[in-house]
Amino acid sequence: MAGDDDAMRLVLFGPPGCGKGTQAERLSAAIGVPAISTGDMLRASVQARSALGRQVESVMKAGKLVDDATMADVVRERLDNEDVDDGFILDGYPRTLNQARTLDSILDDTESGLHAVVRLEVPEDELVRRALGRGREDDDEEVIRERLRVYRQQTEPVLDFYRERDLVVDVDGDQGIGAVTREILGAVGEEQR
Ligand code: AMP
């Protein structure tokens, strides 16, 4: 990908139900760069009954992670698009250490790579409450718990990888939607328009 040095490349990081999707859309509107949700992309593929969709459907239903090689193809292709030249907001990727390394290689140079990894913190009880309230077809409580378990086990360790590079910004996700957006924009040095 081309991309210039002023490009705002953000990763939104946090457990399922922390508000990544909502904040990604709001930040996208405020900053003017696309929000890229791997979950939305996969759900669209499932809906379309494409080869990818048929491949990932059962894994997603179970609350497990789609394999890294498949995700690498999905993300590489998406980040090849011209619309990310001025930046992007990644929602739901990377979710494993392997994926973080893949993202590095896609951005090809970590110096002009990510601007920040925004970590949204929300208490576990609140996460379950929100996830149940969202009412998606795959959101029964057992699957929600499994997704949280997968997050703690496979995704949370990725934070250390980015902390070592001083990229992580911790934000309180347990406040009003507007307040969270403002806190993120302030933390990454963008004024809300
Ligand atoms: P999300 O909407 O981000 O919670 O994603 C919904 C589901 O899509 C996840 O529970 C996974 O099964 C799958 N998924 C989304 N992004 C990824 C990823 N980066 N790696 C593996 N699986 C993913």
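Indexing begins at 1, ligand by ligand and atom by atom, following the structure's order.
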Proximal atoms of ligand 1 relative to Gln99 (non-hydrogen, under 4.0 Å): 18 (C), 19 (N), 20 (N), 21 (C)

Heavy-atom proximity to atom 18 (C) of ligand 1, best of Met60, Arg95, Glu146: Arg95

Side chain to side chain contact (heavy atoms under 4.5 Å, CB included) evaluation trace for Val84 with Ile36: CA-CA 10 Å; Val84 302; Ile36 299 175; 3.8 Å; yes

Residue part near ligand 1, for Met71, under 4.0 Å between non-hydrogen atoms: side chain

Side chains of Gln154 and Arg95 in contact at under 4.5 Å (non-hydrogen atoms): no

Close side-chain approach of Arg78 to Arg76, heavy-atom, < 4.5 Å: no

Matching residue for Leu52 among Asp73, Val66, Leu42, Val46 - test: side chain to side chain contact (heavy atoms under 4.5 Å, CB included): Leu42

Heavy-atom nearest neighbour of atom 14 (N) of ligand 1 within options Leu12, Leu42, Thr38, Val46: Leu42

Atom indices of ligand 1, in the order listed, that fall short of 4.0 Å to a heavy atom of Gly39: 1 (P), 2 (O), 3 (O), 5 (O), 15 (C)

Distance-only N or O hit between ligand 1 and Gly92, under 3.5 Å: yes

Under 3.5 Å: N/O of Pro94 near N/O of ligand 1: no

Residue pair Val11 / Val118, side-chain heavy-atom distance below 4.5 Å: no

Salt-bridge criterion met for Arg165 and Asp160 (N-O under 4.0 Å): no

Ligand 1 atoms in contact with Arg147 (distance to a heavy atom under 4.0 Å): 10 (O)

Non-hydrogen side-chain atoms of Cys18 and Tyr151 separated by less than 4.5 Å: no

Heavy-atom gap Arg43 to ligand 1 smaller than 4.0 Å: yes

Proximity of Lys64 to ligand 1 by residue part, where a heavy atom lies under 4.0 Å: backbone

